[in-house]
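Only one structure is covered here, and it is reproduced in the block below.
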Number of protein chains: 2
Amino acid sequence: MTSALKENIKKVLQHQVDEKQFSSFMALMEEKNFEKKALLCEEGVVCKYIYFIDKGSCYSYLTEPDGEKQVVQFAIEGNWISDLFSFFSEKKAIYCVEALEPVNVLALNKKNFQIACDTIPWVDRFFRVLIQNAYVALQYRIAKTNSEEADARYKEFSKLHPQFIQRIPQYLIASYLGIKPQSLSRIRKESIHKA
Amino acid sequence: MTSALKENIKKVLQHQVDEKQFSSFMALMEEKNFEKKALLCEEGVVCKYIYFIDKGSCYSYLTEPDGEKQVVQFAIEGNWISDLFSFFSEKKAIYCVEALEPVNVLALNKKNFQIACDTIPWVDRFFRVLIQNAYVALQYRIAKTNSEEADARYKEFSKLHPQFIQRIPQYLIASYLGIKPQSLSRIRKESIHKA
DNA sequence: ATCATTTCTTAACATATGTGAACGAAATCC
DNA sequence: GGATTTCGTTCACATATGTTAAGAAATGAT
């Protein structure tokens with residue numbers, strides 16, 4: 001259960017971490033399990049944890065005034081997910097995080113997050129780099145969302161996240177790409193013709 | 001010259017900072033001036049600084065294979081801007097940052113960034129929160145980009161950044177919103193009719 | 001297995017945004 | 001201050017995506 005997290009830390013920091021320090025970090029995390037469709041964070045409620053996905057998958061979404069769900073992020077094994085604004089500000093969440101499959105996660109609450117940052121040398125830096133990487137990726141995603149048409153965005157998404165294509169319902173991928181399910185269906189059909 | 005930065009730090013950290021520590025931080029920054037159209041970062045070149053805008057404005061953009069510029073961020077007095085990926089990884093930048101008006105900035109290079117993080121207690125946290133806030137805002141922006149039509153996006157942008165509307169050419173705002181200048185012109189015309 | 005629910009596909013039509021071109025206004029350059 | 005370029009607007013037409021609706025396919029429950 002711990003090895004995926006260790007790999008993740010190593011990848012983000014680009015170096016190995018001390019075994020004992022890693023154990024202290026692990027000790028601050030709670031193992032939790034959720035059924036499919038369970039909510040890990042809920043809109044309107046303060047989000048108490050940031051989650052590392054050990055097994056399974058989830059996604060976060062915003063609910064529009066008209067009830068539409070707008071998908072913001074997907075997360076599978078090895079990814080982190082939360083409503084960061086809510087977690088850090090302790091204000092009500094604006095996103096929901098929902099399990100797509102049964103999930104096992106390591107959950108870190110804010111008190112333990114603070115303790116980890118204060119007592120384990122690389123933790124502060126780890127989260128800074130983690131968020132930094134996410135920010136950089138998001139900036140690129142928005143540039144592409146604005147400049148490319150839907151078929152190119154889908155093609156890039158498939159290439160970048162082939163695992164997601166397998167495991168995530170198309171109507172959620174459509175939302176993530178900013179189009180309707182019918183449009184994604186059309187795009188997929190056309191891409192088969194061309195290929 | 002220093003008061004804008006002090007305000008910025010206070011706002012991000014949500015508390016005052018020690019005067020002496022602030023001076024040490026300031027001492028690590030270089031004052032620089034750029035003419036309109038000058039490049040603060042250039043695609044293909046490692047971006048050596050992160051910039052705090054003291055006076056003037058800039059924007060960052062991606063250049064598409066067909067030569068189109070895709071605007072990613074605007075920055076005016078009190079904002080930070082850079083190609084963060086390039087700055088931290090020391091790899092070639094994928095964005096350009098260009099002055100929209102003559103600008104005065106405080107520029108922080110990577111060596112000094114490290115020194116500041118290592119020697120001034122709140123600096124590490126300051127940059128983490130800064131990036132965190134930017135990440136949260138971007139996530140919201142992409143959700144809206146995907147779910148709202150161009151007229152609503154423009155309306156929200158005007159409301160959120162009235163100063164930008166005054167100072168930034170429309171064709172750049174159009175790019176930022178993911179539409180063509182002609183479409184923005186049409187949207188503006190229609191919004192006058194309705195109002 | 002059967003039925004109910006959810007997800008995906010297809011089609012005809014509606015609408016928003018893109019494209020190309022023209023023009024004038026404004027800004028910039030000598 | 002006049003020449004030149006850049007920017008904003010408008011229009012007619014092209015195209016991508018949305019909408020509505022129906023049914024097929026897949027999934028889940030009993």
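Per chain, numbering begins at 1; letters A, B, ... match sequence-line order.
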- What do the steps show when you test A/I173 against A/I165 for side-chain contact (heavy atoms from CB on, under 4.5 Å), and what is the final call? CA-CA 8 Å; A/I173 294 177; A/I165 301 287; 4.2 Å; yes
- Report the C-alpha separation of B/N79 and B/F74 in whole Å, then their side-chain angles, then the decisive distance to 0.1 Å, and conclude whether the side-chain contact (heavy atoms from CB on, under 4.5 Å) test is met. CA-CA 9 Å; B/N79 301 142; B/F74 297 117; over 6 Å; no
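Both tests pass for B/R141 against the ring of B/Y176: distance under 6.0 Å to the centre and angle within 45° of the axis.
Remark: side-chain polar atoms of A/D54 are not paired, donor with acceptor, to backbone N or O of A/V105 under 3.5 angstrom. Using modelled atom types, one side-chain atom of A/R153 and one backbone atom of A/L177 make a donor-acceptor pair closer than 3.5 Å.
A/Q166 places its CD atom 18 Å from the P atom of C/dT7, with the value rounded to the nearest Å. At whole-Å resolution of the value, CG in B/D66 and P in C/dG18 are 14 Å apart. Atom pair B/Q170:CD and D/dC7:P shows a separation of 12 Å (rounding to whole Å applied). Spacing between atom CZ of A/R188 and atom P of C/dT7 amounts to 15 Å, rounded to whole angstrom units. The CD-C1' distance, from B/E68 to C/dT19, rounds to 12 Å in whole Å. Rounded to an integer number of Å, the gap from CG of B/L100 to C1' of D/dT6 is 14 Å.
Using a 4.0 Å heavy-atom cutoff across all strands shown, B/K36 reaches sugar-phosphate atoms only and no base atom.
Considering all non-hydrogen atoms of both residues, B/F87 and B/L108 come closest at CE1-O, 3.6 Å.
One axis for each end of the helix from C/dA1-D/dT30 to C/dC30-D/dG1, each built from five base pairs, and the angle between them comes to 60° at 10° resolution.
In this structure, B/K48 does not pair ionically with B/E30, as no charged nitrogen and carboxylate oxygen lie closer than 4.0 Å.
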Every protein N/O within reach of nucleotides 15-23 of chain D N/O, cut-off under 3.5 Å:
{"from": "D/dT17", "atom 1": "OP1", "to": "A/A150", "atom 2": "N", "distance (Å)": "2.8"}
{"from": "D/dG18", "atom 1": "OP2", "to": "A/K180", "atom 2": "N", "distance (Å)": "3.0"}
{"from": "D/dG18", "atom 1": "OP2", "to": "A/S183", "atom 2": "OG", "distance (Å)": "2.6"}
{"from": "D/dG18", "atom 1": "N7", "to": "A/R186", "atom 2": "NH2", "distance (Å)": "3.1"}
{"from": "D/dG18", "atom 1": "O6", "to": "A/R186", "atom 2": "NH1", "distance (Å)": "3.3"}
{"from": "D/dT20", "atom 1": "O4", "to": "A/Q182", "atom 2": "NE2", "distance (Å)": "3.2"}

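When only modelled atom types and interatomic distance are considered, A/Q73 and A/Y59 share no side-chain donor-acceptor pair under 3.5 Å.
Tested against A/F127, the residues A/W80, A/F88, A/F52 include a single ring pair (Phe, Tyr, Trp, His ring centres under 6.0 Å) partner, A/W80.
Residue B/Y171 places its side chain closer to D/dC7 than to any other of D/dC7, D/dT9, C/dT10.
Close to C/dC8, at under 4.0 Å from its OP1 or OP2, lies no side-chain N or O of A/K189.
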